[in-house]
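Accompanying notes for the structure given below.
Source: prediction; values computed, not measured. So that the names make sense, note that chain A is the first sequence line, chain B the second, and so on, each numbered from 1.
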Amino acid sequence: MSGERYNPREMEPKWQKVWDDAQSFVTSNDDPREPYYVLEMFPYPSGRIHMGHVRNYSMGDVVARYQRARGKNVLHPMGWDAFGLPAENAAIERKTHPGTWTRQNIASMKAQLQSMGLAIDWTREIATCEPEYYQHQQAMFIDMMAAGLVTRKQSKVNWDPVDMTVLANEQVIDGKGWRSGAPVEQRELTQWFFKISDYAEDLLAGLDTLTEWPEKVRIMQRNWIGKSEGLRLHFELLADNATSARTVEVFTTRPDTIFGASFIALSADHPLTAQLAANNAELAAFVAECHRQGTATETLEKAEKKGVFTGLRVKHPVIEGATLPVYVANFVLMDYGTGAIFGCPAHDQRDLDFARKYDLPVKAVVLPAGADAQSFAVDDVAFTDTGTIFNSGFLDGMSIEAAKAAISAHFAAQTIDGQPQGKVEVNYRLRDWGVSRQRYWGCPIPVIHCEVCGTLPVPKKDLPVVLPEDVSFDKPGNALDHHPTWKHVDCPQCGAPARRETDTMDTFVDSSWYFARFTAPKATTPTEPAIANRWLPVDQYIGGVEHAILHLLYSRYFTRAMKATGHVGLDEPFKGLFTQGMVTHETYKGPAGEWVAPVDVVIETFGEGRRAKHLRSGEAIAIGSIEKMSKSKKNVIDPDEIVATYGADTARWFMLSDSPPERDVQWTEAGVEGASRFQQRIWRLVSETIDIVKQSSGVVRTSDDDEGLGLRKIVHRAVHNVGTDIEGLRFNRAVAQIYELTNALVRQAGICSAAPAGRLDALEQGVSHLIQLIAPMMPHLAETCWEALGKQGLVADALWPAVDAALLVDNTVTLPIQINGKRRGEVTVAKGTPAAEVEKLVLSLDEIVRILDGKAPKKIVIVPDRIVNVVV
RNA sequence: GCGGGCGUGGUGGAAUGGUAGACACACCGGACUUAAAAUCCGGAGGGGGUAUCCCCGUGCGGGUUCGAGUCCCGCCGCCCGCACCA
């Protein structure tokens, strides 16, 4: 046995089969043990897993296996986020059906994931592209329609006129479609929306309950929801204006600056703008220009503040006799507030830029502390900090907050046409969630349009609305819409010929409830509420921070929607959230500046230096910066090759070592080699220990010598610390603990053959516990060792070793001794030694006496069992 | 611009306000070997000294404290998110 190297290529498939045959990771909903739900964000089936997946799923697997060892009934499922655009692109490029391509990808990725040895319940596998899944999504859509959670309205979209499709913002590059290169247009389309904005306050408030989420993610969501409190305020138009309107309504968060108002600006999309543009060519041209500007934020940000005077004027609401000009301006958004603002240039940078361009007055009304009221003026930087109100009539001398309250009360009391002139209002940045996509490869929206009866949900008995298989992607646009027969259907109400909705749902809908479906994946309803409520919320959810806002916010919303429609009984789907860092790698560039893949590079070291050359040509290769692994920079490492060369355990171990899991980790050859060597080291330790243990068998082992007791303490401390580190997801520290334990055990094993029996016993227990500690991380190696040690059953089923609390506490403690804050020595005393006694002892120590050199201590600080500080 | 994070040896990184650098990688030395690999043992923040030891040291400058990598104030640098939200 000893001397043989551990061979992961042989052992890993063996144990995978053993687990599979034993159904080790199949979870029952009836299991009476405490439930624990761990979930990693399910992958898009691109065809190959990448190192990011390896890292993500390794972490989740450690949690799953650890919680199993803790006696919990663990749910750890896996599925596929299987709808989406790449499948349609593949269909166009390869002339294969999106479904064929997707299902092939799922099969190959599943095989890859299985080769990692993950403790996953594959019987619960789901793919969002299968009718078995999306029919329930359709049912919930219908329920949500009935509950008033869904709406249909006009919305502006990025439209690619060549591909005849809607583009997401990130698909618009420099104002052009990413695929066609055609200039993107803004179009108004009637689209389906989930009314997430109705839940803005609830989603905001809920963030405070998510104490096991990263603060960073909560802040991002808070900003995204963007709550602001302000005032809706009517400005009265002068009577002789060319529109039908009596007033312009604005929204402001700074009503305290009303005395500094110098203009009104309308959005290009404001209804009043449209009315005016009909008889104003200059304005019409400006509106058209604003529309061309598009939604590409990069250009918006840099765009100059521009506007056109409408000829209209309004009365200044608090300065008798004064009027303000009304502009249409390119920086005013229609879908926030009322689509109109009042400009106070002195205290808003945008307004100031605009005012300077059009020579509008700039009147300061907030005075910074310490500034002089006579001489204070705003030049080209607006003053947006706090100060005291001045130049503002009855508001003078107030703080900003007091002025806001006073002016709001004032306008609430004023009336125009019997209505209050102003009204305090809360606004949110969060917009409704547009879910319509003009695509084939998505969940069909279960709606029928009838000329007579209007827009109707598909009756539930007619679900699922299944995607047709015989589709062609020859024409640009929505293949579902192009299908010759699919959309023709009789109206479920009047029976007349009607038309199916051909929009499909945003794939974020698919991923907004899959975690609930996993709890009862075969149910004939979307969920089985009693079962879902027992498993949910997910105890630990793990994934990339790139989903901090959309996926996680949509899932929080959808869970509330499912609660409102009776599918679950809770608000928050994810109790614990962890966002792991990316996997990075060095980049390499050849002589022509082309990217070179790591597999084609040979690294040579000389002393502490490194240089690279091409594997085949031998040409010098430049070693570049460390970047996130990406196909474009070619700095990717294929997990398959790593598993084939080093084994899955090595890859898993390396992904968990060294770097804190929330930070980026750099993939290096040296790091993998190190992980692989450690694997062999464990195996060697086990091999050697078996012999020792066998020699000592039959001996009565009762007493420990000092070494044996010391070893026991190290072992129990390691078991305790590794457990708490895994619970805190500090995998890198758990790994360091395991290294330390291994070092201690190897040292003992080396000198141990003639040791007393008690020490052999400690060693044997140490090795067996070590195997359990590595089992969540290197499960195949652990099973192999477990078997070799003659243990019964699978280590995957073994309970976490019990910690003897008595072994965790030392009865002596070593106190560092500082002189004036600098460490000058140490003293070992019994735990709990009184300060007076410690002081006497310290002052009698030779080294301290020497350093004090006769000087009398001014003060001695003694923190019991911690530290001694002598001040002279 | 706004919001958040980070800055510690050659490297990844440890460190409830209490011995800075655990653990690992890389490196150096030794053992084993005909040799190499593997393995085992040892060394190591920087500077000085044969050594006992001494000085300096957690991006920079201040502060609080008996004591600061950690807390506070002001800078510098890097990374991430949002971005005309009135």
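If you find the closest nucleotide of RNA chain B to A736(A) and to R663(A), the one lying nearer the 5' end belongs to R663(A). Summary of the strand contacts: K216(A) and R677(A) both lie near RNA chain B, and taking for each the nucleotide with the nearest heavy atom, the more 5' one is attributed to R677(A).
Annotated as syn: G9(B), whose O4'-C1'-N torsion sits within 90° of 0.
As a whole-Å value, the separation of I682(A) CD1 from U39(B) C1' is 15 Å. In this structure, R218(A) atom CZ and G3(B) atom C1' are separated by 15 Å, rounded to whole Å. If you measure from atom CG of D658(A) to atom P of U8(B), you get 16 Å, rounded to the nearest angstrom. G81(B) atom P lies 11 Å from atom CG of D664(A), rounded to whole Å. Atom CD1 in I817(A) sits about 18 Å away from atom P in G67(B), given to the nearest Å. If you measure from atom CG of L550(A) to atom P of G81(B), you get 13 Å, rounded to the nearest angstrom. Residue E673(A) contributes atom CD, which lies 15 Å from atom C1' of U39(B) at whole-angstrom precision. When the P atom of G5(B) is taken as reference, atom CD1 of I219(A) falls 6 Å away, rounded to whole Å.
Using a 4.0 Å heavy-atom distance criterion, V545(A) is classed as making no nucleic acid contact. Residue-level contact check: Y739(A) touches the backbone only, with heavy atoms under 4.0 Å from sugar-phosphate atoms and none from bases. Within the 4.0 angstrom heavy-atom criterion, no nucleotide atom of any strand lies near Q666(A). S659(A) comes within 4.0 angstrom of sugar-phosphate atoms only, judged by non-hydrogen atoms across all strands, and of no base.
Pair assignment for A20(B) gives none, since no Watson-Crick or G-U wobble pairing has each distance under 3.5 Å. Look at G45(B): its Watson-Crick or wobble partner, with both distances under 3.5 angstrom, is C56(B). The partner of C2(B) is G81(B), by the rule that a Watson-Crick or G-U pair needs both atom distances under 3.5 Å.
Comparing the C1' positions of G45(B) and C28(B) gives a spacing of 16 Å, expressed to the nearest Å. Spacing of P atoms, G3(B) relative to G67(B), comes out at 34 Å, to the nearest Å. Taking atom C1' on both C56(B) and A20(B), the two are 14 Å apart, rounded to the nearest angstrom. As rounded to the nearest Å, G13(B) and A22(B) have P atoms that lie 15 Å from one another. A gap of 11 Å separates the C1' atoms of C60(B) and G7(B), to the nearest Å. Separating the C1' atom of G77(B) from that of G61(B) is a span of 15 Å, rounded to the nearest Å. A gap of 14 Å separates the P atoms of U58(B) and G21(B), to the nearest Å. Using C1' as the reference atom, C72(B) and G1(B) are 26 Å apart when rounded to the nearest Å.
The cationic group of R429(A) lies under 6.0 Å from the six-membered ring centre of W224(A) and within 45° of the ring axis, placing it in a cation-pi geometry.
Results of the side-chain contact (heavy atoms from CB on, under 4.5 Å) test with I860(A) over L843(A), V871(A), N869(A), V842(A) single out L843(A) as the only residue that passes.
In the model, T812(A) has no side-chain atom that pairs as donor or acceptor with a side-chain atom of T828(A) under 3.5 Å. Side-chain polar atoms of T587(A) and E627(A) form no donor-acceptor pair below 3.5 angstrom. Between the side chains of N427(A) and S228(A), no donor-acceptor pair of N or O atoms lies under 3.5 Å. Between the side chains of Q737(A) and Y739(A), no donor-acceptor pair is found at a separation under 3.5 Å.
Residue side chain K305(A) reaches the base of C84(B) through a donor-acceptor N/O pair under 3.5 Å, judged by distance alone.
In this model, the phosphate group of A14(B) is approached by a side-chain N or O of N732(A) to a distance below 4.0 Å at OP1 or OP2.
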Interface polar pairs with nucleotides 55-66 of chain B, N/O, under 3.5 angstrom:
from   : atom 1 : to      : atom 2 : distance (Å)
C56(B) : OP2    : K822(A) : NZ     : 3.1
C66(B) : O2'    : N869(A) : ND2    : 3.1
C66(B) : O2     : N869(A) : ND2    : 2.7

Please produce a list of atom pairs where a protein N or O lies less than 3.5 Å from an N or O of nucleotides 40-44 of chain B.
from   : atom 1 : to      : atom 2 : distance (Å)
C40(B) : OP1    : R681(A) : NE     : 3.0

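With sequence neighbours excluded, no residue forms a ring-ring contact (aromatic ring centres under 6.0 Å, His included) with F286(A). Considering only residues two or more places apart in sequence or on other chains, T257(A) meets the side-chain contact (heavy atoms from CB on, under 4.5 Å) condition with R254(A), F342(A), C344(A), H347(A), V365(A), V366(A).
Between Y428(A) and S197(A) there is no side-chain heavy-atom pair separated by less than 4.5 Å. Here the side chains of L781(A) and I774(A) are in contact, with some heavy-atom distance below 4.5 Å.
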Extract all donor-acceptor atom pairs below 3.5 Å that involve side chains of residues 658-672 of chain A and protein atoms in other chains or at least two apart in sequence.
from    : atom 1 : to      : atom 2 : distance (Å)
D664(A) : OD1    : M582(A) : N      : 2.9
T668(A) : OG1    : G671(A) : N      : 3.0
E669(A) : OE2    : Y646(A) : OH     : 3.1

Inset, instruction - Report the C-alpha separation of L207(A) and R556(A) in whole Å, then their side-chain angles, then the decisive distance to 0.1 Å, and conclude whether the side-chain contact (heavy atoms from CB on, under 4.5 Å) test is met. - result: CA-CA 10 Å; L207(A) 289 173; R556(A) 295 180 60 220; 3.2 Å; yes

Inset, instruction - Dump the intermediate steps for side-chain contact (heavy atoms from CB on, under 4.5 Å) on I862(A) and E839(A), then the final yes or no. - result: CA-CA 8 Å; I862(A) 295 172; E839(A) 179 175 332; 3.7 Å; yes

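A centroid separation of less than 6.0 Å is found between the aromatic rings of F263(A) and F354(A).
Of the residues in residues 221-234 of chain A, those with a non-hydrogen atom less than 4.0 angstrom from any atom of RNA chain B are N223(A), W224(A), S228(A).
Of the candidate nucleotides C82(B), U19(B), C84(B), C84(B) has the atom nearest to the side chain of N330(A).
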